[in-house]
Amino acid sequence: MPAGFDLTGRTAIVTGANTGLGQAIAVALAQAGAGIVAVGRSSMDETRALVAPSGRPFHEVAADLSTLEPIARIVREAEAAAKADGSRLDILVNNAGIIRRADAIDFTEADWDAVMDVNLKSTFFLTQAVARTMLADGKGGKVINIASLLSFQGGIRIPSYTASKSGLAGLTRLLACEWAGKLINVNAIAPGYFVTNNTEALRADPERNAAILSRIPAGHWGKPEELGGAAVFLASDAAAYIHGVVLPVDGGWLAR
Ligand code: NAP
């Protein structure tokens, strides 16, 4: 691996690392050398087993990100874990996210708030808390937000999701502007259509499945492992001068 992409000795927090894209990102970061602090509300056993062959440290922080209540504890436990490994909090991947589907005309306040709370509010305040530690020792770090094609497009029947992911793209740019001069790179990845729990309903609907598939130039739904390289890149020194970018990893969807 070229030196610029090597993450050896660094520690990455990955939220929602138990499954799907977060799990694939945790595995890829570990394969590139990073220790992992996996944050989430479900068992991390599967991810722990997948990270194990890399031989990198793996820690769990149990937390439900639907409120801000666990934020201070997450950072405390993650810092302690990194310190125990002789490391620090170098990388934060804000991956945890939810989606609720209903026609805009019927959309409920509960579905609005639930999605905004996890996808945007907790993401911002966790980032703020982690960035304080990155700024405190002056060494900076990398923040990677998991955005969406709905950061660029409207979509249908997912009003709070589109609002949250469009908001996350804006937040990525704002934080990049504030922190680029302080050695923190803030960027985002916009996954296309990947095979995870998030897209189960779409793939189960034969009409929607065929429509989506026929529009992806690469000709297949994304496999979670196809996202890892972008995360490693943005977490690495190779991306030191990249700030505020929302990088599509979408099989060509947006190019169409
Ligand atoms: P997923 O399998 O549903 O994973 C979502 C992750 O977020 C899970 O680990 C989930 O934990 C976690 N999470 C949700 N609510 C949480 C909460 N309150 N507290 C802690 N963790 C919570 O879907 P995915 O596709 O991997 O999604 C990962 C990210 O990629 C999301 O931000 C999603 O919006 C984004 N994305 C996905 C696609 C796609 O095509 N799959 C496309 C664009 C963007 P549990 O398992 O415990 O629920």
Side-chain angles (χ1 to χ4, degrees), residues 13-28 36-48 50 60-71 73-74 78 92-101 110-111 113-127 143-153 155 158 160-169 171-172 188-204 208-209 212-213 215-216 218 220-228 230-231 246-251 253-254:
I13 298 176
V14 183
T15 66
N18 57 297
T19 185
L21 303 185
Q23 181 178 74
I25 289 168
V27 170
I36 304 298
V37 178
V39 177
R41 60 184 178 174
S42 298
S43 166
M44 295 291 168
D45 289 354
E46 194 179 292
T47 307
R48 181 187 288 277
L50 290 170
E60 280 181 50
V61 177
D64 184 334
L65 289 164
S66 57
T67 73
L68 302 186
E69 182 275 326
I71 301 277
R73 178 178 56 83
I74 292 170
L92 168 64
V93 181
N94 287 309
N95 165 78
I98 59 172
I99 193 164
R100 295 280 169 86
R101 292 188 168 86
D111 280 347
D113 287 346
V115 171
M116 293 305 247
D117 284 348
V118 177
N119 294 14
L120 207 47
K121 188 173 179 182
S122 291
T123 295
F124 173 71
F125 285 101
L126 179 62
T127 303
V143 176
I144 302 168
N145 294 323
I146 304 305
S148 166
L149 295 180
L150 287 317
S151 300
F152 302 100
Q153 301 181 312
I158 46 173
S160 57
Y161 188 79
T162 298
S164 71
K165 295 297 185 178
S166 296
L168 190 56
L171 198 54
T172 300
I189 295 171
Y193 288 86
F194 278 73
V195 178
T196 68
N197 301 333
N198 176 292
T199 55
E200 211 169 336
L202 294 180
R203 285 177 288 111
R208 291 282 284 139
N209 185 39
I212 288 167
L213 206 49
R215 196 194 178 284
I216 301 174
H220 67 274
W221 283 74
K223 293 173 251 169
E225 59 269 25
E226 291 179 299
L227 201 72
V246 183
L247 174 65
V249 179
D250 65 353
W253 178 281
L254 286 177

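Heavy-atom basis, side chains included; hydrogens, waters and symmetry copies ignored. None of the values given here were measured: they were computed from a predicted structure. Remember, it's 1-based here, ligands and their atoms both numbered in the order they're listed.
Of the possible polar contacts, one joining the Ser151 side chain to the Lys165 backbone as a donor-acceptor pair under 3.5 Å is found. A donor-acceptor pair under 3.5 Å is absent between the side-chain atoms of Thr123 and the main chain of Asn94, judged by distance alone.
Protein residues are said to neighbour a ligand when one of their heavy atoms lies under 4.0 Å from it; for ligand 1 these are Gly16, Asn18, Thr19, Gly20, Leu21, Arg41, Ser42, Ala63, Asp64, Leu65, Ser66, Asn95, Ala96, Gly97, Ile98, Val118, Ile146, Ala147, Ser148, Tyr161, Lys165, Pro191, Gly192, Tyr193, Phe194, Thr196, Asn197, Asn198, Thr199.
Within 6.0 Å of CZ in Arg208 there are 12 or fewer heavy atoms belonging to other residues, nucleotides or ligands.
Listed here is the closest heavy atom pair of Ala110 and Arg100: O-NH1, 4.4 Å.
The aromatic rings of Trp221 and Tyr193 lie perpendicular to each other, with more than 60° between the two planes, well past the 30° mark.
Side-chain polar atoms of Asp64 and Ser66 form a donor-acceptor pair below 3.5 angstrom.
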